Every structure is written in structure tokens, then in C-alpha cells.
Undergrad: 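Structure incoming, see below.
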Amino acid sequence: MSEAQPRNNFIRELVAADVATGRFGRPVATRFPPEPNGYLHIGHAKSICLNFGLAQEFGGRCNLRFDDTNPFTEDMKYVEAIRHDIRWLGFEWSEERYASDYFDTLYEVAERLVRNGGAYVDSQDEEAIRENRGTVTEPGTPSPHRGRSVEENLDLLRRMKAGEFPDGAHVLRAKIDMAHPNMIMRDPLLLRIRHASHYRLGDAWCIYPLYDFAHGLSDAIEGITRSLCTLEFKDNRDIYDWLVRAAGYEHPPLQVEFARLELDYTIVSKRKLLRLVNEGHVTGWDDPRMPTIAGLRRRGVTPEAIRTFADTIGVARKPARVEMATFEHAVRNDLNMRVPRVMCVVSPLKVVLTNYPEGQVEELEASYYPHDVPLTGSRMIPFSRELWIEREDFLENPPKKFFRLTPGREVRLRYGYLITCREVVKDDRGQIIELHCTYDPTTRGGDAPDGRKVQGTIHWVSAARGIDCEVRLYDKLFTVPDPEAGGNDDDFTAYVNPESLVVVQGAKVEPSVLSDPVESRYQFERVGYFVQDATDSTPARPVFNRTVTLRDSWAKVKPQA
RNA sequence: UGCCCCUUCGUCCAAUGGCAGGACAGUGGCCUUUGGAGCCACGAAUCUUGGUUCGAAUCCAAGAGGGGCAACCA
């Protein structure tokens, strides 16, 4: 499946200009640099599409680099999940690298910085460092250790590395300017002591670089040309440039910032997503309500839909909040053209065809695809005297423009027969328990030989041969468009949508799906797109996750109950 | 409050000094064996005020509004 030309954006123009002028003297090189401390989400997908897409388009390369500088939070299981998700999205990296590959080089740079007076060992505690940094309106105060001699600094740094000091005893800081208007530049921390096992390197190190120290230099080592990151790193660009210059790289990479994706009714903060998992608001990183790649996959979303979505939203420097409708459109648009239609009654109401022979079952042919989808194929569906129809497809006292079944009205059973409702059967409490209808034997397949038109077509499943299944109706994760808006970090869980998952037992699906593998996607006609759940669905007990509803123009005209 | 960034239809993105355009959403219609899909049409924006220019969304200035930065997180 070919995707349209990527739409233009300012980064693409920068890269095109680089190529035209030969600015870096090397081919286009980008990187996707996740920290292996959580799962990738839809926001990362935007970055992945950008970085890998640019490399592809300009004949360059794109590395996958794990930014693993914090031994407290990182884990190999995240590395594996991240690799899997990127490949599932349809991208392959040129090389797999790790910031931890560069710890030796980073340490050499640190010593060199110390030798030429560009860095010093500070022995203030964490709190003192923070206080002495000053505020946005007041300059910081230099550390009492700022004037240490090169010899002393070198000695301390080596002993830090050798493990002679406990966590927090010393840090290595760049010596820049404690009064710098950019807070980031007030002698930023480079190395800190952490007596912790690294998930990859074990106990080889007890000093670990901070993001600012590791990132730009890692880019430079890999020969990255444009280092793409999100807007909140704008201020870090100063230290990025300072470091790659200090380390002596020619034609160093250039950082370019773009706006991260904010999607309505969900969140894309790894830290907050982790909380949803830990506090049990969802069942895991791959809960289909999660905006993670793993969650979207389990929800039934395709990689193509995600890539199209990424292209649709574009890339800019303005913080942007995208409507869920934009995402849903990308999903429906893709699914519409590729998945077979089958019938499933989510909330069944029994229909008895009083003039249909008892015990008879016929097999009717039903196309998998509508006329306007260029795919072919069909299956046979059993038709019998007793059927299930959707409870909401019958109304005893219908409002205007209700085209479905009502007393005395004729409707079409899709690919079946025209039926007319003759009698409404209720229980003692007045609840409708079944409908008695008659069918017109001359309308097999759904066409009337006399050419009469029926306004409504409804879906159905044979009661004799329908399969019991579980249907999981997923909806937006939060009840408000921006759950993080309050500013209070703790508030967002209060907005978790209690109806984000509605589990329906006793739905009835046509038997054809039994032979399909798990993760098969369908459109349940008139209901929505669904996928057989990857982990819970079995032939004995099929489970279907709703990926997205169909557009429902009836919902707009329907009078509110 | 210091520094930095941003500001175009309801939303997202184009227009790179020369007719403000697309997508999503919305509205009306056509079509329809999915109230799906598709097709047609309609409405909808350059934050404000000055300046430069034959000509400004675009360049300059001021203002307003929004966002980021004061973790030994990334």
C-alpha cells in the first residue's frame, strides 16, 4: 500500500536545504532516542514517522538509540517492547545504539573538560545546588568548589569513577555561567554518582551521565545531522551546542525542536501512563484504552492508520492539540478499505419468523465487502426461523425518520429476507422479550421481485447457529479533552472515563468468524470496527474489541431520550 | 517576574513579499441491500496597532495572548 507524498513541513525543508548545500558533508542521519523506561505511545509514533521518514526520503539513515543514562528506571523488557513496536509500525533502523555504548567516550570528554577548565567537581548537596542555581529573575551563586584546581578536580573525578564516594557526594558540572539568563546554562550537571546496577552494563559504572551530557555527544558520535526533539528541549539547545563544540566535533549535529503531539481525551506522558498502569485504572501498557502503540495494536488499529495520522497532523513549532476525530478518521479510513464485513448482534432481541418452517436452516451468500471496496470474497451465513436482531433496531413508538423495525413495518435483513413485524411479545413487567414477524419467501437475498423499496436494512444473526461471544466496547480514556489542564499533577486520574470500557456478554456473532485467527479485524456491519482480542479470544469463547465505532449520522438526528 | 519559543477557518497543517488553500469536524443535498462508504454544495481564519513596500499571513517595531525553562528525570 503506497502512501501519498509526505506533506511539507519546516524540518523537511531544513533537511532538503542541508542536502542541497552539503552542509554537513555527510548523508542525512537522524535518530529515534527513547529511554527504555516505558512503552512507546502515539506521540512517539509521530517522532518515529518523522525521523525514519526523513531518512527514508532523503536516502539517509536513522538509528535507534536507547537513551539509557538512568539505571534506576530502565529495563531490558522496555528495550524489547520498543523494538517490537517500531518494527510493527513499519520501520527498520540503520543501527541499534545505546547511550551506554558511549560511557567511556563520555568519561574521556569529562576528563578533557576538567583539564581545560571547562568542568569541575561540585560537592554541595542536592538541595544546595538547587538553591544556588538562583531563580528566573535572580542570578545563581557560584559553588564554593567552583574554583578547585585542575589537579583536585581530576583526582575527585577519578575517585568518583572508582567508586570511592557514596551517591550524591559529588557531581561533575560544566563551568559556564551561574548568572546565565538561560537557567539550563547555570553550570549544568554532567555526571552523578549512582551505585546502581545498569540493566545492560551491570556494575561497570557508578557514575552516570545526565541527559544533557549524553545526548548531544551521542548524536555527534553517530554523525547525526539533524537531531529532532520536542519543544521543551529548546532551552537545552544551548548546552547541546556548547558541549559538541567543546568536544571538538566538526559540523556537529544541529538540534531542531517541534511540537509534541497532544491528543484530546488522552494523555501522552510516559510518567502518567505508568501511573494509570500502576494504580490499576487500566489493565496494563497494552490495555486497548491506552494511547500506547501496544494498546492501539490490541485495540485493532493498524500501523498504516497511525502513519497516515502522523502525516495528517503535520509538524510545526506551535504546541498543538489534535481532535480525536482526526485520529478516528484515519483509523476508519484505513479499516474501511481492508477489513471484511460480518454480522454481530451486540444486544440481542429475539425475532421469530412465524411463517418460516421449523427446524429449517438455509445458507445464504453474503459478500465480505460492499460494492465500493475493491476487494472480493464472500461467506455463507445460516438463516433460520429464530433470529437475533439488535435491540435498538426495534422501537414500538418510533420517532420521525426512524427507518428500522416497528410494529407493522417491513425492513430488510441484510443479505436475508424482507420481514414485517406482526406482534410484540412482552413479559409481565412489560419488557419486550421477542418479536413475531413474517418473512417474504420471494425476497431471498434481500431484493423484492416487485421492486418495492424498504427504507431500513438491519443486521441479524441466526439464533440456531449464532455464536456467543464477549464484546468489549472501548471509548475515550478520559471524560475531558485535556485531563492535564488543571496543572495539578494528581488531578488527571479523577477524569478517567468510567465508561471507557463496557464489557458485553452474550453478544451473538455469525459462525464464519470461528475459523479466523486471533487478531483478525472486521467491520461488524452497522456497529463498528472490531478485532479479535490477541490474548483473551479463543474459539470456545471469542472476544472482540471495538476499535472504533462507525460514523453514526442517525445519532445526530435521533431525538434525545 | 528573567530568558526563550509560538500566534492562519471550531481543530490540525499549507501558502517562503504577488488571487489565503487542504484535511478533519459542521451544515444541506445526491446515492445507497451498512443511517457505513462515496459524490456534490455551503459556511468558516491571517491576534492588535503602527511601520517598510507598488504589493505583507509573510519583513520590522510595540502591545496582547498562549507555551517552555529554576529534577543529581529525559
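This structure is a prediction, so every number in the text was calculated from the model and none was measured.
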Undergrad: Would you say the side-chain atoms of A:Gln255 and A:Tyr240 include a donor-acceptor pair closer than 3.5 Å?
TA: no
Undergrad: OP1, OP2 of B:G36 versus side-chain N and O of A:Ser553: anything below 4.0 Å?
TA: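 Yes, A:Ser553 has a side-chain N/O under 4.0 Å of OP1/OP2 on B:G36.
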Undergrad: Taking the six-membered ring for Trp, are the ring centroids of A:Trp554 and A:Phe403 within less than 6.0 Å of each other?
TA: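 Judged by ring-centre distance (under 6.0 Å), A:Trp554 and A:Phe403 do not meet the cut-off.
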Undergrad: If you look at every strand shown and take non-hydrogen atoms under 4.0 Å, does A:Val527 touch a base, only sugar-phosphate, or nothing?
TA: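 Here A:Val527 touches no strand at all.
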Undergrad: Does A:Lys318 have a side-chain nitrogen or oxygen under 4.0 Å from the phosphate oxygens OP1 or OP2 of B:U8?
TA: yes
Undergrad: For B:U11, does the base pair up with any side-chain atom of A:Arg321 as donor and acceptor (N or O, under 3.5 Å, distance only)?
TA: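 No.
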Undergrad: In whole angstrom, what separates A:Arg412's CZ from B:G35's C1'?
TA: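 Roughly 13 Å, once rounded to whole Å.
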Undergrad: In whole angstroms, how far is the P atom of B:A25 from the CD1 atom of A:Ile313?
TA: 16 Å
Undergrad: Which comes earlier along RNA chain B counting from the 5' end, the contact point of A:Ala320 or that of A:Trp554, where each point is its nearest nucleotide?
TA: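 Checking each residue's closest nucleotide, the 5'-ward one belongs to A:Ala320.
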Undergrad: Any side-chain N or O of A:Arg332 less than 4.0 Å from the OP1 or OP2 oxygen of B:A37?
TA: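 It does not, given that no N or O in the side chain of A:Arg332 lies less than 4.0 Å from OP1 or OP2 of B:A37.
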Undergrad: Distance only, no hydrogens: is a donor on one side chain within 3.5 Å (strictly under) of an acceptor on the other, for A:Arg97 and A:Tyr102?
TA: yes
Undergrad: Which part of the nucleic acid does A:Asn8 contact within heavy-atom distance under 4.0 Å: base, sugar-phosphate only, or nothing?
TA: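 The answer is base, as A:Asn8 lies within the cut-off (heavy atoms under 4.0 Å) of a base atom.
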Undergrad: Taking distance alone, no hydrogens or angles, what donor-acceptor pairs closer than 3.5 Å link side-chain atoms of residues 371-378 of chain A to residues at least two apart or in another chain?
TA:
| from | atom 1 | to | atom 2 | distance (Å) |
| --- | --- | --- | --- | --- |
| A:Ser378 | OG | A:Glu365 | OE2 | 2.6 |

Undergrad: Identify all pairs in which a protein N or O lies below 3.5 Å from an N or O of nucleotides 17-19 of chain B, and state each distance.
TA:
none

Undergrad: Rounded to the Å, how far apart are A:Leu550 CG and B:U32 C1'?
TA: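 So the two atoms are 14 Å apart, to the nearest Å.
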Undergrad: Provide the full list of ring-ring contact (aromatic ring centres under 6.0 Å, His included) pairs with a residue in residues 316-343 of chain A, sequence neighbours left out, each pair given once.
TA: A:Phe309-A:Phe327
Undergrad: Assess whether one donor atom and one acceptor atom, taken from the side chain of A:Glu525 and the base of B:G36, lie less than 3.5 Å apart.
TA: no
Undergrad: Of all the heavy-atom pairs spanning A:Ser227 and A:His215, show the shortest one and how long it is.
TA: OG-NE2, 4.1 Å
Undergrad: Atom pairs under 3.5 Å, N or O on each side, protein against nucleotides 38-45 of chain B: can you list them with distances?
TA:
none

Undergrad: I'd like to know if A:Asp177 and A:Arg186 make a salt bridge, using a cut-off of under 4.0 Å between side-chain N and carboxylate O.
TA: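 Answer for the salt bridge query: no.
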Undergrad: Check every strand shown and say whether A:Asp447 touches a base, only sugar-phosphate, or nothing at a heavy-atom separation below 4.0 Å.
TA: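 If one applies the 4.0 Å heavy-atom cut-off, A:Asp447 turns out to touch a base.
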Undergrad: Within this structure, what is the OH-OG1 distance for the pair A:Tyr98 and A:Thr69, rounded to the nearest 0.5 Å?
TA: 14.5 Å
Undergrad: Using atom CZ of A:Arg12 as one end and atom P of B:A14 as the other, report the distance to the nearest whole Å.
TA: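 That distance rounds to 11 Å.
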Undergrad: If you look at every strand shown and take non-hydrogen atoms under 4.0 Å, does A:Glu138 touch a base, only sugar-phosphate, or nothing?
TA: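 It contacts nothing in the nucleic acid.
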Undergrad: I'd like to compare against my own output: the B/S/- annotation of nucleotides 64-74 of chain B with a strict under-4.0 Å heavy-atom distance to protein.
TA: ----BSBSBSB
Undergrad: When we call it a touch if two heavy atoms are under 4.0 Å apart, what does A:Lys270 touch: a base, just sugar-phosphate, or nothing?
TA: nothing
Undergrad: Rounded to whole Å, how long is the line connecting atom CE of A:Met324 with atom C1' of B:G26?
TA: 19 Å
Undergrad: Between B:G35 and A:Arg404, counting only base atoms on the nucleotide and side-chain atoms on the residue, is there a donor-acceptor pair under 3.5 Å?
TA: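 Yes.
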Undergrad: Does A:Phe530 have its ring centroid less than 6.0 Å away from the ring centroid of A:Phe524?
TA: yes
Undergrad: Which sits closer to the 5' end of RNA chain B, A:Val454 or A:Glu323, going by the nucleotide each is nearest to?
TA: A:Glu323
Undergrad: Under 4.0 Å between any heavy atoms, over every strand shown, what does A:Phe402 touch: base, sugar-phosphate, or nothing? Just pick one.
TA: base
Undergrad: In whole Å, what is the span from the CZ atom of A:Arg338 to the C1' atom of B:G36?
TA: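 Rounded to whole Å, this separation is 18 Å.
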Undergrad: Between A:Met337 (CE) and B:U34 (P), how many Å, whole number?
TA: 16 Å
Undergrad: Taking A:Thr292 for the side chain and A:Trp285 for the main chain, is one N or O donor matched with an acceptor at less than 3.5 Å?
TA: yes
Undergrad: Is it true that the side chains of A:Asp187 and A:Tyr120 contain a donor and an acceptor less than 3.5 Å apart?
TA: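 There is such a pair (donor and acceptor under 3.5 Å, judged by atom type) between the side chains of A:Asp187 and A:Tyr120.
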Undergrad: Taking Watson-Crick and G-U wobble pairs with both distances under 3.5 Å, convert RNA chain B into its dot-bracket string, 5' to 3', dots for unpaired and | for cross-strand pairs.
TA: .((((((..((((....[..)))).(((((.......)))))....(((((..]....))))))))))).....
Undergrad: Would you say the side chain of A:Tyr439 lies within less than 4.5 Å of the side chain of A:Leu418, judging by non-hydrogen atoms?
TA: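 Side-chain contact under 4.5 Å: no.
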Undergrad: Side-chain contact test, heavy atoms from C-beta onward, threshold under 4.5 Å: evaluate it for A:Leu191 versus A:Val171 and give yes or no.
TA: no
